[in-house]
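For reference, the structure is listed below as structure tokens.
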Amino acid sequence: MSTFFSRLHRGPITSVSYTIPDDGAPAQPKDSCTDDAARLMSTSCAARYLGKSVWTIRRMVFAGELRAIRGKHLKFDKRDLDLWIEANKEQFK
């Protein structure tokens, strides 16, 4: 096993191993944005939905441009995202 030393790190960097359960179920992604029935979205799903970065979405919330539900994590109502899209559409000639 080889080790790597860095000026910023005071010890060897070792690899981390993960175990996958053998129950036959497919692995689910941590943040799945594909559920069409879900009304509330996470920040990353809302960012993907609007085509913006997660930090831009957070800035929009704290600037009052976008509505969110506060809790442990910010959640976004899909209807509010659609309203934001409609309000920010421009027609070009």
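Since the structure is predicted, the reported quantities are computational estimates derived from the model, not experimental observations.
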| task | For the residue pair R70 and K75, establish whether any side-chain heavy-atom pair is separated by less than 4.5 Å. | result |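 No - every pair of side-chain heavy atoms lies 4.5 Å or more apart.
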| Y49 versus D82: any side-chain heavy-atom pair under 4.5 Å? | yes
Work out which heavy atom in [X] is nearest to a heavy atom in [Y]; give both atom names and the distance.
X   : Y   : value
A38 : K78 : O-CD, 4.3 Å
S42 : F76 : O-CD1, 3.9 Å
L74 : A68 : CD2-CB, 4.1 Å

| Please walk me through it: do R58 and T43 pass side-chain contact (heavy atoms from CB on, under 4.5 Å)? | CA-CA 8 Å; R58 289 182 180 140; T43 306; 4.3 Å; yes
| Hey, what do you get for CD (E65) to CD1 (I57), rounding to the nearest 0.5 Å? | 10.0 Å
| query | Roughly how far, to the nearest 0.5 Å, is CG of L40 from SG of C45? | reply | 11.0 Å
Hey, can you pull the donor-acceptor pairs under 3.5 Å for the side chains in residues 85-93, sequence neighbours left out?
from: E86; atom 1: OE2; to: K89; atom 2: NZ; distance (Å): 3.0
from: N88; atom 1: ND2; to: W84; atom 2: O; distance (Å): 2.7

| query | Do the side chains of L81 and M60 join up, straight or via other hydrophobic residues, at under 4.5 Å, putting them in one cluster? | reply | yes
| Does R67 come within less than 4.0 Å of D77, counting only side-chain N to carboxylate O? | no
